[in-house]
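Inspection log for the structure reproduced underneath, given as structure tokens.
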Amino acid sequence: MEILILFLLFYNLLQKVLTSKELISLGKSRLTRMPRRGLILQTRTHWLLLGLALLCSLILFLYLLECAPQTDGNASLPGIIGENYGKEYYQALLQEQEEHYQTRATSLKRQIAQLKQELQEMSEKMRSLQERKNVGANGISYQGNKEQAPSDLLEFLHSQIDKAEVSIGAKLPSEYGVIPFESFTLMKVFQLEMGLTRHPEEKPVRKDKRDELVEVIEAGLEVINNPDEDDEQEDEDGPLGEKLIFNENDFVEGYYRTEKDKGTQYELFFKKADLMEYRHVTLFRPFGPLMKVKSEMIDITRSVINIIVPLAGRTEAFAQFMQNFRDVCIHQDKRIHLTVVYFGKEGLSKVKSILESVASESNFHNYTLVSLNEEFNRGRGLNVGARAWDKGEVLMFFCDVDIYFSAEFLNSCRLNAEPGKKVFYPVVFSLYNPAIVYANLDVPPPVEQQLVHKKDSGFWRDFGFGMTCQYQSDFLTIGGFDMEVKGWGGEDVHLYRKYLHSDLIVIRTPVPGLFHLWHEKRCADELTPEQYRMCIQSKAMNEASHSHLGMLVFREEIETHLHKQAYRTNSEAVG
């Protein structure tokens with residue numbers, strides 16, 4: 001638009017110049033009466049000047065096109081014709097455009113860096129998977145060319161497994177030398193080391209812990225779905241004849257523990273919903289790649305558990321125990337024998353009546369009642385109950401009358417005890433006093449609703465060794481309980497130490513399906529100082545959580561504060 005205006009102005013100026021020249025020429029012609037040839041010359045001059053004007057306009061037009069600033073799309077230059085914009089305006093406009101493009105460039109650089117990082121992580125993951133696949137020497141879970149791994153590295157890794165307590169038990173001086181397992185499922189980890197801030201049951205928050213457990217389960221599936229020739233498992237077909245493939249939904253439970261100078265051991269159990277057999281995989285991470293120790297199939301369909309319960313009095317607790325026994329053992333598991341060793345005469349008829357009632361209602365007759373007319377001794381009762389079975393090898397579960405267990409725990413008992421090789425010492429989750437835990441309620445909820453793993457509801461009884469699963473042959477070989485131990489406690493620890501001093505592997509881990517119901521404890525004066533200290537310690541820890549006990553200790557201070565608050569509120573209302 002500006003170019004057209006300039007052209008018109010320039011053309012009008014030329015016309016005025018030409019017009020003035022024509023008038024002068026015309027005046028001269030009238031005065032001098034010039035010939036016609038002068039008029040022709042004037043006409044040529046007029047066209048020459050007009051051409052010159054057009055040429056200048058074209059040159060000016062090209063110059064403006066070359067010097068005009070670049071704009072986006074068809075956007076015109078800012079402002080209205082005729083308005084004057086200073087240098088500062090165009091500098092600000094230029095700076096704004098520059099900042100816009102710098103921001104865009106920074107965003108693109110950030111995106112490029114992020115994509116590079118993701119690509120690098122993916123490449124490292126692929127390279128790691130390829131290396132694990134190639135490190136497939138004897139005993140490594142990822143199969144590959146066994147000659148690709150250096151022989152000295154493989155020798156070191158296998159030496160770590162040989163030194164760890166994986167295939168044979170390590171002889172330990174006391175129960176304090178045991179490294180307990182922590183148990184886990186697909187979603188939760190059950191841990192002993194709680195402290196004041198950690199929970200007995202929690203979802204792994206740290207990404208490295210989640211990734212570790214996911215990797216271990218995937219490695220276990222790789223072992224099961226692609227077995228070696230030396231694996232102790234048979235190829236099994238699905239219902240339609242296809243190869244049986246396990247996935248993460250078939251993972252039942254797992255245990256892991258770390259020996260800080262050797263590595264981490266993993267025990268994994270898988271089971272198809274429509275099959276009775278379990279697949280057991282043992283893995284070991286010797287501060288390097290995961291290595292397979294063994295893979296086997298475990299058939300527990302014919303594994304009978306003899307539950308041995310020593311008892312004296314406490315008939316109401318026994319009635320509650322039998323209700324749990326009926327629901328879990330008779331109606332669900334159906335592979336259980338119950339042995340009750342009763343001390344004394346008082347309450348014996350009541351116990352017989354309870355057993356007969358359950359037997360008649362459920363058509364259950366797999367129980368034995370042994371009566372001992374003597375003072376209660378738990379070790380003595382379990383010794384008698386273990387020897388009362390005379391039908392060959394059997395798995396025994398030493399149980400107390402205030403224990404609540406699930407069908408899943410019974411399977412864990414079968415899976416983690418093996419004659420001549422392993423004994424199972426589960427850590428029980430002990431419930432606190434419901435009168436304190438549920439003090440805000442008029443009546444505590446039913447027992448089934450109290451079975452939750454929370455800091456304020458209970459704790460892992462890691463100092464208790466009374467609940468254990470072991471085979472009769474191992475128990476007799478080890479010598480059973482020490483009959484010199486009298487009264488409360490002590491006999492369990494002595495038996496536990498015997499197993500630690502043997503070649504048997506002790507599986508010590510928290511189990512979510514095993515609960516110790518709260519009951520009031522009484523520490524007798526006849527106990528030795530050590531027994532009495534252990535009894536008081538157990539009584540204190542069994543009462544309530546740290547926070548609840550603190551509230552009880554500062555109850556008077558809290559009530560005083562509440563009274564002051566109420567008085568202040570009333571005073572302000574009256575005033």
Under 3.5 Å, is there a donor-acceptor pair between the side chain of [X] and the main chain of [Y]?
{"X": "Gln265", "Y": "Thr258", "result": "no"}
{"X": "Thr368", "Y": "Thr339", "result": "no"}
{"X": "Ser353", "Y": "Ser349", "result": "no"}
{"X": "Ser183", "Y": "Pro510", "result": "yes"}
{"X": "Lys271", "Y": "Leu275", "result": "yes"}
{"X": "Gln449", "Y": "Pro446", "result": "no"}
{"X": "Arg335", "Y": "Ile300", "result": "yes"}
{"X": "Lys498", "Y": "Gly480", "result": "yes"}
{"X": "Asp474", "Y": "Gly420", "result": "yes"}

(request) May I have the step-by-step check of side-chain contact (heavy atoms from CB on, under 4.5 Å) for His337 and Trp389, ending in yes or no? (result) CA-CA 10 Å; His337 185 92; Trp389 178 273; 3.7 Å; yes
Sub-4.5 Å side-chain heavy-atom contact between [X] and [Y]:
{"X": "Arg314", "Y": "Asp402", "answer": "yes"}
{"X": "Leu517", "Y": "Leu451", "answer": "yes"}
{"X": "Ile308", "Y": "Val384", "answer": "no"}
{"X": "Leu395", "Y": "Gln470", "answer": "no"}
{"X": "Leu355", "Y": "Leu369", "answer": "yes"}
{"X": "Arg461", "Y": "Asn542", "answer": "yes"}
{"X": "Val427", "Y": "Pro180", "answer": "no"}

Between [X] and [Y], what is the ring plane arrangement, given parallel below 30°, perpendicular above 60°, and tilted in between?
{"X": "Phe318", "Y": "Phe321", "answer": "parallel"}
{"X": "His516", "Y": "His519", "answer": "tilted"}
{"X": "Phe429", "Y": "Phe515", "answer": "perpendicular"}
{"X": "Tyr425", "Y": "Phe465", "answer": "perpendicular"}
{"X": "Phe475", "Y": "Phe398", "answer": "perpendicular"}
{"X": "Trp460", "Y": "Phe190", "answer": "perpendicular"}

Approximate separation, where rounding is to 0.5 Å, of [X] [atom1] and [Y] [atom2]:
{"X": "Leu290", "Y": "Phe284", "atom1": "CG", "atom2": "CZ", "value": "10.5 Å"}
{"X": "Ile305", "Y": "Leu338", "atom1": "CD1", "atom2": "CG", "value": "12.5 Å"}
{"X": "Thr560", "Y": "Gln565", "atom1": "OG1", "atom2": "CD", "value": "12.0 Å"}

Looking at every heavy atom in both [X] and [Y], which two are closest together, and how far apart are they?
{"X": "Leu221", "Y": "Glu248", "result": "CD1-N, 3.6 Å"}
{"X": "Phe364", "Y": "Ile336", "result": "CE1-O, 3.8 Å"}
{"X": "Phe325", "Y": "Ile307", "result": "CE1-CD1, 4.1 Å"}
{"X": "Tyr367", "Y": "Ala359", "result": "CE2-CB, 3.9 Å"}
{"X": "Leu527", "Y": "Cys535", "result": "CD1-CB, 4.2 Å"}
{"X": "Glu267", "Y": "Thr282", "result": "OE1-OG1, 2.7 Å"}

Residues [X] and [Y]: side-chain donor-acceptor under 3.5 angstrom:
{"X": "Gln450", "Y": "Glu448", "value": "no"}
{"X": "Asp299", "Y": "Tyr278", "value": "no"}
{"X": "Glu393", "Y": "Ser473", "value": "yes"}
{"X": "Arg326", "Y": "Gln323", "value": "no"}

(message) Please identify which of these residues, Phe269, Tyr255, Phe251, meets the ring-ring contact (aromatic ring centres under 6.0 Å, His included) condition with Phe184.
(response)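 Only one of Phe269, Tyr255, Phe251 forms a ring-ring contact (aromatic ring centres under 6.0 Å, His included) with Phe184, namely Phe251.
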(request) Go through the steps to decide whether Ser295 and His280 satisfy the test side-chain hydrogen bond (donor to acceptor under 3.5 Å, both in side chains), and finish with yes or no. (result) CA-CA 6 Å; Ser295 177; His280 173 216; over 6 Å; no
I'd like to know if [X] and [Y] make a salt bridge, using a cut-off of under 4.0 Å between side-chain N and carboxylate O.
{"X": "Arg378", "Y": "Asp492", "result": "yes"}
{"X": "Glu215", "Y": "Arg285", "result": "yes"}
{"X": "Arg380", "Y": "Glu374", "result": "yes"}
{"X": "Asp250", "Y": "Arg279", "result": "no"}

(message) Can you tell me if Gln332 has over 12 outside heavy atoms packed within less than 6.0 Å of its CD?
(response)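 Yes - once you tally the heavy atoms of other residues, nucleotides and ligands closer than 6.0 Å, there are more than 12.
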(message) Quick one, Tyr256 with Glu182, criterion side-chain hydrogen bond (donor to acceptor under 3.5 Å, both in side chains). Give me CA distance, side-chain angles, the key distance, then yes/no.
(response) CA-CA 6 Å; Tyr256 71 91; Glu182 292 190 349; 2.8 Å; yes
(request) Determine, step by step, whether Val216 and Leu283 satisfy the side-chain contact (heavy atoms from CB on, under 4.5 Å) criterion, reporting the C-alpha distance in whole Å, the side-chain angles of both residues, the deciding distance to 0.1 Å, and the verdict. (result) CA-CA 8 Å; Val216 168; Leu283 301 176; 4.1 Å; yes
(request) Evaluate the criterion side-chain contact (heavy atoms from CB on, under 4.5 Å) for residue pair Val351 and Leu311; output intermediate values, then yes/no. (result) CA-CA 10 Å; Val351 170; Leu311 185 63; 4.0 Å; yes
(request) May I have all residue pairs that pass disulfide bond (SG atoms under 2.5 Å apart) and include part of residues 384-469, sequence neighbours excluded? (result)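 Output for this query lists Cys413-Cys469.
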(request) Report the C-alpha separation of Tyr404 and Phe409 in whole Å, then their side-chain angles, then the decisive distance to 0.1 Å, and conclude whether the ring-ring contact (aromatic ring centres under 6.0 Å, His included) test is met. (result) CA-CA 10 Å; Tyr404 186 99; Phe409 163 73; over 10 Å; no
(request) Please test Asp456 against Lys454 for salt bridge (Lys or Arg N to Asp or Glu O under 4.0 Å), starting from the C-alpha separation and ending with a verdict. (result) CA-CA 6 Å; Asp456 290 335; Lys454 293 183 179 179; over 6 Å; no
(request) Can you spot which of Ile507, Leu514, Thr509 makes a side-chain contact (heavy atoms from CB on, under 4.5 Å) with Pro426? (result)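 In the set Ile507, Leu514, Thr509, the residue that makes a side-chain contact (heavy atoms from CB on, under 4.5 Å) with Pro426 is Leu514.
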(request) Report the C-alpha separation of Glu212 and Tyr266 in whole Å, then their side-chain angles, then the decisive distance to 0.1 Å, and conclude whether the side-chain hydrogen bond (donor to acceptor under 3.5 Å, both in side chains) test is met. (result) CA-CA 11 Å; Glu212 174 194 358; Tyr266 303 92; 2.5 Å; yes
(request) Verify side-chain contact (heavy atoms from CB on, under 4.5 Å) between Leu186 and Ile217, making sure each step is shown before the conclusion. (result) CA-CA 9 Å; Leu186 283 175; Ile217 294 173; 3.7 Å; yes
(message) Quick test of your reading: applying salt bridge (charged side-chain N to carboxylate O under 4.0 Å, His left out), list the pairs with at least one residue in residues 525-536, sequence neighbours left out, ordered by first then second residue.
(response)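 Residue pairs with at least one partner in residues 525-536: there are none.
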